[in-house]
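Take a look at the structure below.
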Amino acid sequence: MRTALFCKVTTQTITHLKQKSYLLLFLLGFSITAFSQSLTPVGQGGVYLELNHWIYDFLQRQYIKGNLKQVYLDARPVARVELAKYVAELAEKRQQLNPVEREQVNFCLREFSDELKRLETNQPIPTPDAFYKTEIERVLSPVQSLVPNFTFENGRNLLAVDSDEFTANFDFVAGSTFRRGRLDSSDFQREDRLTNGAMVWGRIGERLDYYINIRDNALRTNSEFPREVFALPRYGFALSRQFGFAYHDETVAYLKVSTKHLEIAYGKFSNQWGAGKTGSLVLSDYATSYNQLLLRLKIWKLKYTSIFAELIDYTYQTNLSIPQNKKFFAAHRLDIQFHPNINFGLYESVIIAGRGFDIGYLNPIMFYRSIEHYYGSPDNAALGADFNWRIVPTLSLYGQIFIDDLTTSKIGKGFWGNKLAYLSGIYIVDPFEIQNIDFRIEYARVDPYTYTRSATRPQDNATAYLHYNTQLGYFTPPNSDYLWLEARYRFTKQLIASVSYSRYRHGANPDSLTNVGGDVFLSRRPELDSEFVKFLGGALGTRHEVRASVSFELIRNLFLNGWISYQDSRNFFVQGRNRRENFSGIIWYFGVELNI
């Protein structure tokens with residue numbers, strides 16, 4: 001008996017070590033490749049710009065207007081050096097821009113001043129206009145004598161160290177937000193969030209970049225949370241030991257090596273693929289960040305991205321000594337821009353659970369569906385495509401499709417196994433030569449059972465498209481759609497306002513015995529559920545919302561954000577009460593956020 005047990009443990013240990021060895025060899029091989037090109041110029045250098053930064057929208061807007069020839073922004077995050085290239089191109093045309101856009105360019109030139117120096121170019125390094133001062137310089141100018149000389153030396157970061165071999169940029173992370181209103185038919189509800197932390201980023205030598213962002217969050221409401229450890233939607237790990245109070249922390253940290261064409265990043269961060277504004281079908285920033293290895297190759301008119309990640313298959317438990325189960329995720333994406341007006345992307349993804357990470361998925365050029373079949377089809381593979389078409393200057397059309405499963409012979413028949421999601425949108429910039437105004441219409445549809453577990457693993461939910469019980473892709477559940485319209489006007493570089501309308505519909509499962517594909521945690525049960533489903537079938541709930549928003553950037557990355565909305569919900573499922581309700585009311589939000 002002992003011998004058998006010893007052999008079993010030894011075999012498992014050896015298998016585990018082999019898997020670790022394969023990964024280490026893989027990392028080592030690519031690291032050697034990267035450093036072997038150390039004499040080549042840095043093309044993909046710098047840390048990644050945060051996914052929610054307004055500079056992405058600004059550059060996309062300039063591309064739609066025709067002021068940028070080509071951009072690759074549909075696989076985010078994007079390295080700061082690559083973004084600096086686009087800023088340098090805009091700087092050559094700053095005289096053609098309106099005053100608000102020109103101020104944005106000046107800000108970007110100061111923001112990416114270090115990265116502009118790392119560009120491979122024979123042209124002089126572009127600099128802001130002589131009269132330009134950042135918000136920090138304007139705010140601190142009257143009290144300059146009271147501010148220590150070592151702060152804001154670069155006009156950007158609170159503290160900065162800059163030498164030939166090492167740079168470091170330090171800032172605090174802080175925020176305080178308040179939300180009030182009726183989220184269901186109960187009494188007036190409140191939600192207060194307090195955030196504090198710090199971030200530091202920079203480079204070591206010419207090839208190695210690093211980024212660390214650590215923050216703690218305290219959430220206080222007048223409703224109950226699950227006690228002890230639970231999964232907080234969007235934020236992952238959370239802890240609650242008293243009524244209405246929850247704590248959760250978040251750390252984003254990674255190392256990144258770059259060459260002229262290749263970048264390799266290892267650490268904990270998020271991704272967003274596709275041109276959707278309300279979200280992305282395959283990878284969005286809706287779920288919390290995750291540990292991953294990212295490889296990216298940019299050459300000619302192609303940009304290739306490959307991701308190998310570790311996710312959490314969350315199960316509620318109060319015992320902190322029991323670790324959560326892990327599952328794995330692999331995805332790769334090819335961005336193609338054969339014509340300056342059209343960006344096209346193709347991607348594959350797969351969720352692996354119940355075993356270690358198979359070495360076949362470490363092949364960045366392998367067709368995942370094929371390797372999944374090679375392993376006996378135990379995983380949840382998907383594929384898709386997206387595009388962004390600049391039809392004429394100021395007008396673009398974009399879309400995405402996510403194919404979770406598909407049986408072509410049953411298309412259009414309501415077959416449950418045809419699990420797809422779609423997103424399309426129209427983006428209009430400066431219509432009729434009215435400057436600094438945008439209009440956008442976007443529609444997303446998630447078919448029944450989409451994102452649910454693989455049909456080959458009916459015994460558990462591990463292969464569902466979830467991380468810490470939050471969808472990796474679009475934010476609405478299966479069997480739903482979302483329509484969104486927005487008009488946005490930028491008064492200055494610092495001040496922007498918008499009004500929007502949205503309609504959200506969801507066909508929920510009416511009860512525990514009836515499954516219409518409306519719950520990501522419940523796949524089809526062959527012995528109970530129909531083989532054919534109707535989109536938005538089941539208990540249909542609808543929510544309409546009209547919202548007015550305003551955002552003001554007081555100094556760099558310090559935002560005053562506020563919005564007020566009116567929501568009207570009919571037959572809408574309220575999770576805490578486990579019932580459907582009709583309700584309407586006004587909700588308002590205000591927040592002060594620094595580097596969030």
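In this text, all values refer to a predicted model and were calculated from it rather than measured experimentally.
Paired with Glu103 under the rule salt bridge (charged side-chain N to carboxylate O under 4.0 Å, His left out), one option of Lys493, Arg138, Arg490 passes, and it is Arg138. The side-chain contact (heavy atoms from CB on, under 4.5 Å) with Glu545 is formed by just one residue from the set Ser502, Ser500, Ser569; it is Ser502.
Side-chain contact between Thr195 and Asp216 is absent, with no heavy-atom pair separated by less than 4.5 Å. Considering only heavy atoms from C-beta on, Val429 comes within 4.5 Å of Tyr427 through its side chain. Between Ser270 and His467 the shortest side-chain heavy-atom distance does not fall below 4.5 Å. Put simply, the side chain of Leu281 does not reach to within 4.5 Å of the side chain of Trp273, judged on heavy atoms. Inter-residue side-chain proximity for Leu109 and Thr127 is flagged as unmet; no heavy-atom pair is nearer than 4.5 Å. The shortest side-chain heavy-atom distance between His53 and Asn557 falls under the 4.5 Å cut-off. Residues Tyr398 and Asp386 have side chains not in contact (no heavy-atom distance under 4.5 Å, counting atoms from C-beta outward). Under the 4.5 Å side-chain criterion, counting only non-hydrogen atoms from C-beta, Leu83 is not in contact with Glu115.
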Walk me through it: do Arg215 and His248 pass the test side chain to side chain donor-acceptor pair (under 3.5 Å)?
-> CA-CA 9 Å; Arg215 63 185 71 174; His248 66 92; over 6 Å; no
Side chain to side chain contact (heavy atoms under 4.5 Å, CB included) assessment of Val105 paired with Phe58 | CA-CA 9 Å; Val105 170; Phe58 170 64; 3.8 Å; yes
Could you go through the ring-ring contact (aromatic ring centres under 6.0 Å, His included) check for Tyr465 and Phe402 one step at a time?
-> CA-CA 12 Å; Tyr465 218 74; Phe402 176 83; 5.4 Å; yes
Does the side chain to side chain donor-acceptor pair (under 3.5 Å) test come out yes or no for Thr288 and Glu250, once each step is laid out?
-> CA-CA 8 Å; Thr288 187; Glu250 172 78 1; 2.9 Å; yes
Verdict with supporting geometry, Gln435 and Tyr489, side chain to side chain donor-acceptor pair (under 3.5 Å) | CA-CA 9 Å; Gln435 299 295 306; Tyr489 183 73; over 6 Å; no
Does the side chain to side chain contact (heavy atoms under 4.5 Å, CB included) test come out yes or no for Trp588 and Trp563, once each step is laid out?
-> CA-CA 6 Å; Trp588 62 266; Trp563 54 259; 5.7 Å; no
Tyr290 and Asn271: side chain to side chain donor-acceptor pair (under 3.5 Å), yes or no, with the steps?
-> CA-CA 9 Å; Tyr290 38 87; Asn271 303 273; 3.1 Å; yes
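A distance-only check finds no donor-acceptor pair linking the side chain of Glu310 to the backbone of Gln292 [under 3.5 Å]. Checking side-chain atoms of Ser549 against main-chain N and O of Ala497 turns up no donor-acceptor pair under 3.5 Å. Using a distance-only test at 3.5 Å, with no hydrogens or angles considered, no donor-acceptor pair links the side chain of Glu224 to the main chain of Phe243. Here the side chain of Tyr210 pairs no donor or acceptor atom with the backbone of Val200 at under 3.5 angstrom. Using a distance-only test at 3.5 Å, with no hydrogens or angles considered, a donor-acceptor pair links the side chain of Asn169 to the main chain of Trp201. The backbone N or O of Gly541 lies less than 3.5 Å from no partner atom in the side chain of Tyr504, so there is not a single donor-acceptor pair. Using modelled atom types, one side-chain atom of Gln494 and one backbone atom of Glu553 make a donor-acceptor pair closer than 3.5 Å. Not one N or O on the side chain of Gln189 forms a donor-acceptor pair closer than 3.5 Å with the backbone of Asn222. Between the Arg333 side chain and the Thr305 main chain, no donor and acceptor come within less than 3.5 Å of each other. The backbone N or O of Arg110 sits nowhere less than 3.5 Å from a side-chain atom of Tyr132 that would complete a donor-acceptor pair.
Annotation: cation-pi geometry not satisfied between Lys256 and Tyr266 (NZ/CZ under 6.0 angstrom from ring centroid, within 45° of ring axis). By the 6.0 Å and 45° rule, Arg220 does not stack over the aromatic ring of Tyr247. Cation-pi geometry between Arg76 and Tyr56 is met: the NZ or CZ atom falls under 6.0 Å from the ring centre, inside 45° of the normal.
Once rounded to the nearest 0.5 Å, the distance linking OH of Tyr254 with CG of Leu293 reads 14.0 Å. With values rounded to the nearest 0.5 angstrom, Asn52 atom CG is found 11.5 Å from Ile55 atom CD1. In this structure, Ile312 CD1 and Phe237 CZ are separated by 11.5 Å, a value rounded to the nearest 0.5 Å. Interatomic distance, CZ of Phe583 versus CG of Asp568, reported as 9.0 Å (0.5 Å rounding). How far CG of Leu73 is from CG of Asn343: 8.0 Å, rounded to the nearest 0.5 Å. To the nearest 0.5 Å, atom CD1 of residue Ile596 and atom CD of residue Glu50 are 11.5 Å apart.
Nearest heavy atom pair, residue Gly279 against residue Leu423, reads O-CD1, 3.7 Å.
Applying the salt bridge (charged side-chain N to carboxylate O under 4.0 Å, His left out) test to every pair with at least one member in residues 234-248, sequence neighbours left out, gives these pairs: Glu228-Arg241. Within the structure, salt bridge (charged side-chain N to carboxylate O under 4.0 Å, His left out) contacts touching residues 150-160 (residues at least two apart or in different chains) are Asp114-Arg156.
Remark: the Thr278 side chain and the Tyr474 side chain contain an N/O donor-acceptor pair separated by less than 3.5 Å. A side-chain donor-acceptor contact under 3.5 Å links Asn561 and Ser551.
Of the charged side-chain nitrogens involved, none lies within less than 4.0 Å of a carboxylate oxygen, so that Glu486 and Lys277 do not count as a salt-bridged pair. Using a 4.0 Å cut-off between a side-chain N of Lys or Arg and a carboxylate O of Asp or Glu, Lys303 and Glu82 qualify as a salt bridge. Salt bridge present: Asp438 and Arg61 bring a charged side-chain N and a carboxylate O closer than 4.0 Å. Taking a cutoff of 4.0 Å between a charged side-chain nitrogen and a carboxylate oxygen, Asp209 and Arg118 qualify as a salt bridge.
Enclosure of atom CD in Glu165 is not indicated, since only 12 or fewer non-hydrogen atoms of other residues, nucleotides or ligands lie within 6.0 angstrom. Within 6.0 Å of NZ on Lys268 lie more than 12 heavy atoms contributed by other residues, nucleotides or ligands.
Checked against the 6.0 Å centroid criterion, the rings of Phe475 and Tyr482 qualify as a close aromatic pair. In this structure, the ring of Phe559 has its center no less than 6.0 angstrom from the ring center of Trp54. Centroid-to-centroid, the aromatic rings of Phe269 and Tyr48 come within less than 6.0 Å.
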Name every donor-acceptor pair, under 3.5 Å, that has one atom in a side chain of residues 171-180 and the other anywhere in the protein, sequence neighbours excluded.
unit_1: Asp171; atom_1: OD1; unit_2: Leu158; atom_2: N; d: 2.9
unit_1: Asp171; atom_1: OD2; unit_2: Asn157; atom_2: ND2; d: 2.6
unit_1: Arg179; atom_1: NH2; unit_2: Glu191; atom_2: OE1; d: 3.2
unit_1: Arg180; atom_1: NH1; unit_2: Asp192; atom_2: OD1; d: 2.6
unit_1: Arg180; atom_1: NH2; unit_2: Asp192; atom_2: OD1; d: 3.1
unit_1: Arg180; atom_1: NH2; unit_2: Asp192; atom_2: OD2; d: 3.4

